[in-house]
Amino acid sequence: MVKNLMLILTTVLTTGAVPFVDAAAQLKSGVYYITQSWSQETAFKRPYHISVPERSDQQKFPVFIFLHGNGGNAKDAMNGFMKRHPTIASRYVMVFPDGYKASWNIVSERSQADDLGFIEAIVKKLSTYDNIQNDNFSVMGNSNGAALVNQLAIESKLPNLRNYVSAVSPLNVYQHDGKNFKAKGADNNYRVVATPMTGKRLMNISGTTDELVPYRGGPSKHIPAKGGKLGFVDAEESIFLWAKQMGYNGKKLSKPSRIDDNLAIFSYLNGDVIHYKVVDAGHGASRAISEKILLEFLEGNK
């Protein structure tokens with residue numbers, strides 16, 4: 001009981017480098033904080049970096065949240081992503097949270113923090129600002145960050161989140177056991193069946209020669225999990241499971257919907273649920289997705 005109480009999220013909205021502002025204020029670029037307590041920390045200030053476009057022709061901006069991979073950090077992710085995606089950076093409020101101990105708590109990572117609560121607290125806070133489209137949040141993650149994207153898609157009930165993009169991490173076998181989606185739980189044992197919200201849009205990107213996350217599913221050669229290595233769902237099966245959850249009633253695609261160079265594209269529900277199979281690409285497969293492709297997905301069906 002005591003252990004469970006220690007893991008209960010205590011979230012206090014605070015800001016660090018940026019002064020606290022009224023809900024009706026304009027969000028500005030800077031470093032903000034969410035304060036959380038859990039088994040490893042008490043009243044720990046968790047940073048998230050924000051870049052607001054300098055444009056006078058738009059009153060309200062959509063929001064794009066990027067979750068770095070294991071071993072990464074928000075500052076480096078922000079610098080790299082915005083340089084590679086200047087058009088997105090000019091149209092979206094860009095948000096880069098920091099994972100505790102450079103990781104996101106999924107199965108057996110260094111962090112035991114409530115990352116679902118962390119990201120949801122960011123979304124709730126940002127949605128109160130006058131210059132934010134509170135119904136148009138997108139979240140993208142790479143590798144370990146993509147696993148958190150999957151958790152958000154499975155468990156979050158926030159209406160603000162519209163688009164989910166998982167790069168080089170389809171569902172793992174804890175998140176879907178072959179029959180049901182599962183909620184992580186405070187002890188990371190994924191015991192409770194979860195029902196993801198419908199009406200969401202999902203993109204997955206996976207490489208066929210990924211040594212960390214096998215494209216055809218099965219255990220990773222390197223990523224640890226309870227009692228062994230972390231297992232994954234086949235990438236094409238994973239996107240089919242998401243398509244069914246979002247209302248698709250047809251058969252699983254046995255062939256790509258279309259092919260574009262080394263990209264084999266499996267599209268469901270008119271592209272609202274879509275998988276990019278990057279042929280002969282490894283764990284850096286997301287680099288094969290151009291800014292144009294990503295932007296078209298983010299702005300699709302509006």
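Residues Tyr174 and Lys182 share a closest heavy-atom pair of O-CB, 3.3 Å. Residues Val107 and Asn188 share a closest heavy-atom pair of O-ND2, 3.1 Å. Across all non-hydrogen atoms, the minimal contact from Val31 to Pro47 is CG1-CB, 4.0 Å. The shortest non-hydrogen separation linking Asn70 to Ser103 is OD1-CB, 3.7 Å.
When the salt bridge (charged side-chain N to carboxylate O under 4.0 Å, His left out) test is applied to Arg110, no partner is found at least two apart in sequence or on another chain. Taking Lys229 as the reference, nothing meets the salt bridge (charged side-chain N to carboxylate O under 4.0 Å, His left out) condition, with sequence neighbours excluded.
In this structure, Arg46 pairs ionically with Asp115, as a charged nitrogen and a carboxylate oxygen lie closer than 4.0 Å. In summary, Arg91 and Glu299 engage in a salt bridge, as defined by a charged side-chain N under 4.0 Å from a carboxylate O. A salt bridge links Glu236 and Lys277; the closest N-O separation between the charged side-chain nitrogens and carboxylate oxygens is under 4.0 Å. With respect to the salt-bridge test (charged N to carboxylate O, under 4.0 angstrom), the residues Lys252 and Glu237 qualify.
The ring of Trp104 has its center closer than 6.0 angstrom to the ring center of His68.
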Can you give the donor-acceptor pairs under 3.5 Å from side chains of residues 255-264 to other protein atoms, not counting sequence neighbours?
residue, atom, partner, partner atom, Å
Ser257, OG, Ser267, N, 2.9

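None of His222, His283, Lys221 except one satisfies the side-chain hydrogen bond (donor to acceptor under 3.5 Å, both in side chains) rule with Glu211; the exception is Lys221. The side-chain contact (heavy atoms from CB on, under 4.5 Å) with Met140 is formed by just one residue from the set Leu294, Leu67, Val149; it is Leu294.
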